[in-house]
Amino acid sequence: MEFTAAQVASFIGGHVEGDADVRISGFAKIEEAAKGDLTFLANPKYTHFLYTTGASAALVSNTFIAEQPVECALIRVADPYEALSQLMTMASEAMNRMPSGIEQPCHISDGVEVPEAAYVGAFAYIGRGVHLGRGVKIYPQTYIGDGVTLGDDTIIYPGARVYHGCRIGARCIVHAGAVIGADGFGFAPDAEGHYHKIPQLGIVEIADDVEIGANTTIDRATMGVTRVDRGTKLDNLIQLAHNTHIGADTVIASQTGVAGSARIGSRCRIGGQVGVAGHISIGDNVEIGAQSGIPNNVADHSRVMGYPAVPAGAFARQAAMMRRLPDLFNDVKELKKKQKNF
């Protein structure tokens with residue numbers, strides 16, 4: 001596909017400075033772009049690349065002021081990153097036509113209705129009592145257990161597993177290898193120290209517009225519900241334990257683990273490799289830095305990092321002090337020598 005800068009601007013409500021007829025056929029990072037590419041500038045630290053980029057056009061904010069000549073066309077928008085997302089979504093939808101129909105061999109249990117425009121790929125298994133929404137896409141080699149509900153336009157990519165009774169809302173995306181509804185980690189020791197499994201009788205409930213990354217696992221509740229609220233985005237390789245509750249519009253990066261019965265609020269941003277202890281509460285609008293350990297409750301609007309996590313400013317000061325420890329240690333040694341010789 002190929003469009004002029006003027007056409008691209010019309011798609012996103014922007015306006016062009018420079019050559020409005022320049023042709024655009026792809027996307028690229030600002031430091032790697034070549035002729036025919038559209039790039040963007042959202043982070044000021046990349047501004048210097050704009051003056052040397054080989055891109056044919058660049059998305060910039062309405063407030064951007066160039067301090068040097070710019071050879072590419074500028075498409076001014078309110079938010080370059082959001083505009084880029086809109087354009088890439090449009091391109092993705094145009095290039096990746098969604099399949100439909102039922103491929104064979106697959107197994108669809110008696111009584112399960114497959115709506116029009118839905119897709120069931122080869123070697124998929126759909127259990128008894130499953131409810132499929134309009135436009136659902138179930139890719140090859142997936143497992144949909146008995147009594148599962150999938151909302152309208154939800155996509156289950158290859159190799160994902162949704163255990164019995166779980167409910168997934170509309171317009172959700174479950175990536176390859178994800179497991180929804182495996183047993184929670186519940187075992188009770190007897191007097192001799194042998195562990196006995198506690199049956200996990202609850203379910204997992206995923207609200208609308210949630211995306212779940214590849215190989216992420218969300219355990220079913222011991223009793224009740226493990227829940228992920230509307231609009232939340234989970235990266236690859238995340239573990240949510242039994243009876244956890246993740247609020248709306250929260251984003252969680254890869255390799256984070258959330259222990260049982262922990263509650264995370266809405267609009268939180270959690271970095272990679274974070275560990276959240278069980279039975280604690282993290283408030284709304286919380287930011288947690290990568291590799292942090294969260295052993296206690298965290299208040300709304302907090303910014304924390306470290307292990308155990310502390311306010312981000314305190315962590316930065318601690319890190320600065322740690323870098324000075326070798327010098328401080330040498331200073332103490334010198335002072336002890338001087339004291340001994342005094």
Side-chain angles (χ1 to χ4, degrees), residues 161-168 174 178-191 193-207 210 212-213 215-312 315:
R161 309 289 189 255
V162 184
Y163 283 35
H164 62 278
C166 294
R167 298 194 290 261
I168 299 178
V174 179
V179 178
I180 312 300
D183 282 354
F185 193 61
F187 299 90
D190 61 21
H194 302 306
Y195 284 90
H196 300 276
K197 186 177 181 63
I198 300 173
Q200 306 292 291
L201 303 181
I203 63 168
V204 173
E205 187 171 78
I206 309 294
V210 170
I212 298 168
N215 293 317
T216 281
T217 54
I218 304 177
D219 290 346
R220 69 194 314 110
T222 305
M223 295 175 283
V225 176
T226 300
R227 180 169 174 83
V228 179
D229 283 344
R230 186 204 60 78
T232 283
K233 313 300 181 188
L234 305 178
D235 198 359
N236 305 327
L237 295 167
I238 288 172
Q239 157 69 4
L240 302 184
H242 59 86
N243 293 95
T244 53
H245 183 171
I246 312 299
D249 295 311
T250 284
V251 291
I252 304 178
S254 180
Q255 298 183 23
T256 288
V258 182
S261 298
R263 298 179 65 86
I264 296 175
S266 298
R267 299 173 301 281
C268 294
R269 293 189 290 178
I270 299 176
Q273 296 186 331
V274 168
V276 178
H279 303 273
I280 67 169
S281 179
I282 294 172
D284 297 335
N285 301 294
V286 170
E287 296 182 16
I288 301 176
Q291 296 189 325
S292 295
I294 315 297
N296 301 306
N297 294 343
V298 179
D300 293 349
H301 302 285
S302 297
R303 295 181 66 243
V304 299
M305 62 190 309
Y307 182 84
V310 296
F315 178 83

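In this chain, residues are counted from 1 in sequence order.
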Subject >> Nearest non-hydrogen partners of Met305 and Ser292, listed with the distance >> reply: CA-OG, 3.0 Å

Original post:
Is Thr216 reaching over with its side chain to a backbone N or O of Asp235, donor-acceptor style, under 3.5 angstrom?
Top reply: yes

**OP:** First locate atom NE2 of His245, then atom CD1 of Ile264, and finally report the distance between them rounded to the nearest 0.5 Å.
**Re:** 10.0 Å

Subject >> Euclidean distance, Asp300 CG relative to Ile282 CD1, rounded to 0.5 Å >> reply: 11.5 Å

Subject >> Gly283 to Val286 - nearest heavy-atom pair and separation >> reply: O-CG2, 3.4 Å

Original post:
Does OH belonging to Tyr195 count more than 12 external heavy atoms closer than 6.0 Å?
Top reply: no

**OP:** Please round to the nearest 0.5 Å and tell me the distance separating atom OG1 of Thr256 and atom CG of Leu237.
**Re:** 10.5 Å

Original post:
Can Asp183 and Lys197 be counted as an ion pair, charged N to O under 4.0 angstrom?
Top reply: yes

**OP:** Flag yes if more than 12 heavy atoms outside Arg267 fall under 6.0 Å of its CZ atom; otherwise flag no.
**Re:** yes

Original post:
CD1 of Ile246 to CG of Leu234: how many Å apart, nearest 0.5 Å?
Top reply: 7.0 Å

**OP:** Could you please spell out the steps behind the side chain to side chain donor-acceptor pair (under 3.5 Å) verdict for Asp284 and His301?
**Re:** CA-CA 6 Å; Asp284 297 335; His301 302 285; over 6 Å; no

**OP:** Before accepting this row, confirm whether a basic side-chain N of the pair Asp229/Arg227 lies closer than 4.0 Å to the acidic partner's carboxylate O.
**Re:** yes

